[in-house]
Amino acid sequence: MKVILAGTAMALALPAAAQETQTVGVSIPAATHGWAGGMNYFAQEAVDRLEEVYPQLDFVLATAGDAAEQVSDIEDMLATRNIDALVVLPFESDPLTGPVAAVADSGAWVTVVDRGLSQEGIEDLYVAGDNPGFGRVSGEFMTSQMPDGGDIVVLRGIPTTIDNERVEGFEEAIDGSGINVLAMEHGNWNRDDSFTVMQDFLSRYPNIDAVWASDDDMAIGVLAAIEAAGRDDVQFVLGGAGMKEMIARTRDGDPMIPANVTYPPAMIGTAIELTAVGLTSSAPVSGEFTIGSVLITPDNAEDYYFPDSPF
């Protein structure tokens, strides 16, 4: 885990523990796919736990089905709840930048999670996974499993800076390894889209040695396409983010899912907790908190298996 904390007066901008109740708004996307479902689970878990730990804090958790609804949620938190802090994972960067900036202008603390805003410097704290590291760890595993090289296909996520960072890290890790990327297309972190993309790959290429799906939802779509096509040339599929079904398959030695790479939806809980610490103490928490990506194998899979999580 890499932690970068600002050691300036800004780090003390949050007030020390006070007697009056302070309100923390938490605004996140609804559970529209697996990772988001896990994020919702860990957000609620964090709120429930921290309300007991910090009786002087009041938490308001809102989930949104699209960017417009999230904008409305945040504007309502500011206007009617007079929030002292906001923890936000933006549905999309551009439409959320203005409303989050308005929260910051009100004097409230702002913690942004995962997807950054379109304008730098608005947030006091940024919490995210290590996207370049996610790609690098994935590429290093590929090269370890394919020492003589081979032909692979790659499914990217939604066209975003996050996706670009992952792909760049992956490409750097496999450079010079003899691994040949036959094709790379966007599966949009979606099972159905990835099923369609993989169907196309299978029809175009008579031999594919392995697949980097770069996300567990996409990996499920890929596996379904391989099974439907009756292909036995694909040796394994590498997804990522730690879906419990995929972790279980790795733990149990499924040769098609030999490993996984973490990008934990529980980072939302980290962000909420750090914000609570800042509101109730003089501990410096401004800056950037980056959660490193870890390779999950049968040896450590049990440590990353959360049976009660929806993801």
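Computed from a predicted structure; not experimentally measured. Computation of the quantities below employed the complete heavy-atom set of this structure, encompassing side-chain atoms and omitting hydrogens, waters and symmetry-equivalent molecules.
- Within the 3.5 Å criterion, the main-chain N or O of Gly242 finds no donor-acceptor partner in the side chain of Trp35.
- Between Thr111 and Val127 there is a side-chain heavy-atom pair separated by less than 4.5 Å.
- Residues Trp109 and Leu86 fail the side-chain proximity criterion, which asks for heavy atoms closer than 4.5 Å.
- Side chain of Asp193 to main chain of Asn188: no donor-acceptor pair is present (N/O by atom type, distance under 3.5 Å, no hydrogens or angles).
- Using a 4.5 Å cut-off on side-chain heavy atoms (C-beta onward), Ile152 and Met184 make no contact.
- Side-chain contact between Met246 and Thr250 is absent, with no heavy-atom pair separated by less than 4.5 Å.
- Pro264 places a side-chain heavy atom less than 4.5 Å from the side chain of Ile291.
- In terms of modelled atom types and a separation under 3.5 Å, the side chain of Ser27 and the main chain of Val88 share no donor-acceptor contact.
- No donor-acceptor distance shorter than 3.5 angstrom exists from the side chain of Ser177 to the backbone of Ala173, with no hydrogens or angles considered.
- Test Val103, Asp105, Val100 against Ile122 for side chain to side chain contact (heavy atoms under 4.5 Å, CB included) and you get one pass: Val100.
- In terms of modelled atom types and a separation under 3.5 Å, the side chain of Asn300 and the main chain of Ile296 share no donor-acceptor contact.
- Between Met267 and Phe289 there is no side-chain heavy-atom pair separated by less than 4.5 Å.
- A donor-acceptor pair is defined here as one N or O able to donate and one able to accept, closer than 3.5 Å; no such pair exists between the side chain of Asp124 and the backbone of Ser286.
- When only modelled atom types and interatomic distance are considered, Asn260 and Asp216 share a side-chain donor-acceptor pair under 3.5 Å.
- Remark: side-chain polar atoms of Asp215 are paired, donor with acceptor, to backbone N or O of Asp217 under 3.5 angstrom.
- Inspection of the Gln44 and Asp48 side chains reveals an N or O donor paired with an N or O acceptor under 3.5 Å.
- For Ser214 against Arg166, the heavy-atom pair with the smallest separation is O-NH1, 3.5 Å.
- Taking a cutoff of 4.0 Å between a charged side-chain nitrogen and a carboxylate oxygen, Asp308 and Lys244 do not qualify as a salt bridge.
- With hydrogens and angles ignored, the 3.5 Å screen pairs a side-chain donor or acceptor of Ser203 with a backbone N or O of Asp200.
- With respect to Arg136 and Glu140, a salt bridge is recorded, a charged nitrogen being found less than 4.0 Å from a carboxylate O.
- A salt bridge is absent between Glu92 and Arg115; no separation between the charged side-chain nitrogens and carboxylate oxygens falls under 4.0 Å.
- Using cut-offs of 30° and 60° on the angle between ring planes, the pair Trp212 and Phe134 is tilted.
- If you check the side chains of Thr262 and Ser293, you find no donor sitting under 3.5 Å from an acceptor.
- With Gln70 contributing its side chain and Pro95 its backbone, the two residues share no donor-acceptor pair below 3.5 Å.
- Not a single donor-acceptor pair under 3.5 Å links the side chain of Glu123 to the backbone N or O of Val110.
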